[in-house]
Amino acid sequence: MAPRSSAPAFEEDGVPERAHVSVLLAEAIEWLAPRPGQTFVDGTLGAGGHAEALLAAVGPGGSVIGIDRDPTALDHARRRLARFGPAFRPVHGNHRDLRRILAELGVETPNGALFDLGFSSMQMDDPARGFSFQTDGPLDMRMDPGSGETAAELLARLGDRELSDLFRRFGEEPQARRFARAIVRERERSPIMRTKALADLVARAAGPAARFGRIHPATRVFQALRIAVNDELEGLDNRVAEVCDLLGPGGRAAWIAFHSLEDRQVKQTLRRLAAPCTCPPDMPRCGCGLRPVVRVLTPRPVYPSAEEISTNPRARSGRLRAAEKL
């Protein structure tokens, strides 16, 4: 975001912009344990960094199915991974349609799957995408620019109570009500169509003290809008369960989350799949017949190392969880 006369420039995550670097790459490969000849799914392909490491590990004879709803990211990954030939199978789509995608590709039981639930630096650093307020751009935020409602359209449609609920639920923003009211007042005068306009509006509503903090007061508002525009949390628990169902015995899956809302759903779903019994604790033996589906490999989340954070500060909020199909 460009400097303003009333306050210094802010950074959404407290770090300068950087080229995309795959987060928790070594840890993901370690927990997924890919072997030559296996088939893996990268359900959130992005720039292709994780897929590249998986392809190197499953060759010769293996393959990686890379899924992304962002056509720009998909084109970038195609170029980056072209040297792997037919071992790389790119798909423009959404990982929530994984069962259908695998059926269309003739894959019954993949050996593993990886889901990086964040959004890429390519998206964040492109002003035309509207994910960031580092530089001014249209308030879009769609991961697939060809479909769905933009953030500007969402802001124009929702009432102040709905906006407040959205900021509180998806951004965990303590000033959600104040920001929602400020947005509604402002749009009565003029539509809010640009990232800088929204960020400046939220900064003014937050007051002078908040505007000098390390994290820009609009950070959580932008997070909430991005989650809502891309429907990131809707059905995430069901998607985690579906992935575990699709894996063959011994197959492994890993999820990399960047905020507590995503991580909580992954954690709770894996715990439920690992211990599904619904019988009362005092029952001498199980009567419900439910059996564990997975073994949780990471009882606690795996965080980036200090070395990784020092070279890629954007990695610091990442956390990885992994499970193995029984």
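Bear in mind that the values here come from a model prediction, so they are computed numbers and not experimental data.
With hydrogens and angles disregarded, no donor-acceptor distance shorter than 3.5 Å links the side chain of Asp140 to the backbone of Gly130.
Among residues two or more places apart in sequence or in another chain, the side-chain hydrogen bond (donor to acceptor under 3.5 Å, both in side chains) test is passed with Arg285 by none. With sequence neighbours excluded, the residues satisfying side chain to side chain contact (heavy atoms under 4.5 Å, CB included) with Cys288 are Cys277, Thr278, Cys279, Cys286, Leu290. By the side-chain hydrogen bond (donor to acceptor under 3.5 Å, both in side chains) test, Asp263 is found to be paired with Arg321, residues two or more places apart in sequence or in another chain being considered. Among residues two or more places apart in sequence or in another chain, the ring-ring contact (aromatic ring centres under 6.0 Å, His included) test is passed with His95 by Phe115. Remark: Gln265 engages no residue in a side-chain hydrogen bond (donor to acceptor under 3.5 Å, both in side chains) (not counting sequence neighbours). Listed by chain and number, the residues in a side chain to side chain contact (heavy atoms under 4.5 Å, CB included) with Thr109 amount to none (sequence neighbours excluded).
For the ring pair (Phe, Tyr, Trp, His ring centres under 6.0 Å) condition, no pair includes a residue of residues 151-185, sequence neighbours left out. Within the structure, salt bridge (charged side-chain N to carboxylate O under 4.0 Å, His left out) pairs that include any residue of residues 69-79 comprise Asp70-Arg129, Asp75-Arg78 (at least two apart or interchain). For residues 233-244, every residue pair satisfying the salt bridge (charged side-chain N to carboxylate O under 4.0 Å, His left out) rule, not counting sequence neighbours, is listed here: Arg99-Glu242. Residue pairs meeting the salt bridge (charged side-chain N to carboxylate O under 4.0 Å, His left out) criterion with at least one member in residues 27-40, sequence neighbours excluded, do not occur.
The distance from atom CG of Leu273 to atom CG of Leu326, rounded to the nearest 0.5 Å, is 10.0 Å.
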Evaluation steps, side chain to side chain contact (heavy atoms under 4.5 Å, CB included), between Asn94 and Ile67 = CA-CA 7 Å; Asn94 193 315; Ile67 305 169; 5.9 Å; no

Please list, one pair per line, the donor and acceptor atoms closer than 3.5 Å that link side chains of residues 44-52 to other protein atoms, with sequence neighbours excluded.
| residue | atom | partner | partner atom | Å |
| --- | --- | --- | --- | --- |
| Thr44 | OG1 | Asp116 | N | 2.6 |
| Thr44 | OG1 | Asp116 | O | 3.0 |
| His50 | NE2 | Val23 | O | 2.9 |
| Glu52 | OE1 | Arg80 | NE | 3.3 |
| Glu52 | OE1 | Arg80 | NH2 | 2.9 |
| Glu52 | OE2 | Arg83 | NH1 | 3.2 |
| Glu52 | OE2 | Arg83 | NH2 | 2.9 |

Can you give the donor-acceptor pairs under 3.5 Å from side chains of residues 291-304 to other protein atoms, not counting sequence neighbours?
| residue | atom | partner | partner atom | Å |
| --- | --- | --- | --- | --- |
| Arg295 | NE | Glu324 | OE1 | 3.4 |
| Arg295 | NH2 | Glu324 | OE1 | 2.9 |
| Thr298 | OG1 | Ala322 | N | 2.9 |

